[in-house]
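Accompanying notes for the structure given below.
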Amino acid sequence: METTLVIIKPSSVQRGLIGLITNRFEQKGLIITGMKMMQLTEPLLKEHYAHLVDRPFFPILLRSMMATPVIVLAIKGVDAVAVVRGMTGVTKARNAAPGTIRGDFGMSGQENIVHASDSPENAVVELARFFKPEEIFEYMPLVTPALYEPDELKL
Ligand code: UDP
Ligand code: MG
């Protein structure tokens, strides 16, 4: 199984969406293996959004991501990175498909509800950026055999 990183962004914390968003992942059958509230900082965000530091909107992105604490989630499942990206929807929330988190909860390209890792390689790096190893818990819920066929669990 893979583990991916989700960040429930400050705008979603402000809007009281922590529970609804977290519930989506639980309903899907994904396993929450890490969850905490933390205040993001400029150095951390410059690292996390290194591909965007030169973009004109970066100062606004920084301010938005530091507006309140965020919730960081480690989410495990077969193909979890792609599954969670699919559940997240495209970056500009008003164009995101209905049924996706961005599609159902947002209108903005900037205030787009959640961050989700975009590749297995980035997920490993991003989980290490936001979680200490002991903050991620490797347990298997008792319902796992009801969620997967045994061969799928070998993936
Ligand atoms: N962003 C933005 N304007 C843009 C591109 C990105 O405000 O034109 C913000 C937005 O909050 C987005 C984040 O920067 O979620 C990271 O951008 P990325 O291209 O990695 O999109 P994501 O992976 O979040 O879909
Ligand atoms: Mg991204």
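Whatever order the structure lists ligands and atoms in, that order sets their numbers, starting from 1.
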In the protein, which heavy atom is nearest to [atom], and how far is it?
{"atom": "atom 25 (O) of ligand 1", "value": "T91 OG1, 2.6 Å"}
{"atom": "atom 10 (C) of ligand 1", "value": "G109 O, 3.4 Å"}
{"atom": "atom 8 (O) of ligand 1", "value": "F57 CE2, 3.5 Å"}

Classify the side-chain pair E126/S117 by whether it contains a donor and acceptor separated by less than 3.5 Å.
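A donor-acceptor contact under 3.5 Å links the two side chains.
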Check the side chains of E111 and S64 for a donor-acceptor pair under 3.5 angstrom, ignoring hydrogens and angles.
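Side-chain D/A pair, S64 to E111: present.
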Note, I31 side chain near M140 side chain (heavy atom, < 4.5 Å)
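SC-SC contact between I31 and M140 confirmed.
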Counting heavy atoms not belonging to M107, are there more than 12 under 6.0 Å from its CE?
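Count not over threshold, so no.
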Between the candidates Q110, K92, R85, which shows the shortest non-hydrogen contact distance to atom 7 (O) of ligand 1?
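It is Q110 whose heavy atom sits nearest to atom 7 (O) of ligand 1.
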With atom 24 (O) of ligand 1 as the reference point, say which of R102, H115, H51 has the nearest heavy atom.
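That would be R102.
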Short list, please: which atoms of ligand 1 are under 4.0 Å from a heavy atom of K9?
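Selected atoms, number and element: 10 (C), 11 (O), 12 (C), 15 (O).
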Just jot down the ligand 1 atoms closer than 4.0 angstrom to any heavy atom of L61, in number order.
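Atoms satisfying the 4.0 Å criterion: 9 (C), 11 (O), 14 (O).
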Please state which part of [X] comes within less than 4.0 Å of ligand 1, counting heavy atoms only: side chain, backbone, both or neither.
{"X": "N112", "value": "side chain"}
{"X": "L52", "value": "side chain"}
{"X": "I60", "value": "neither"}
{"X": "E111", "value": "neither"}

Using a strict 4.0 Å threshold on nitrogen-to-oxygen distance, state whether K76 and E2 make a salt bridge.
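Looking at E2 together with K76, the answer is no, because their closest N to O distance does not fall below 4.0 Å.
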The test is side chain to side chain donor-acceptor pair (under 3.5 Å); show your working for K92 and N112 and say whether it passes.
CA-CA 7 Å; K92 194 189 275 189; N112 57 7; over 6 Å; no
To the nearest 0.5 Å, tell me how far I7 CD1 sits from L45 CG.
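If I round to the nearest 0.5 Å, the distance is 7.5 Å.
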Within the structure, does Y49 bring an N/O atom to less than 3.5 angstrom of an N/O atom in ligand 1?
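Between Y49 and ligand 1 (N or O atoms, distance only) the closest approach is not under 3.5 Å.
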Test of understanding: with salt bridge (Lys or Arg N to Asp or Glu O under 4.0 Å), list the residues that count as partners of R129, not counting sequence neighbours.
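Partners of R129 under the salt bridge (Lys or Arg N to Asp or Glu O under 4.0 Å) test: E47.
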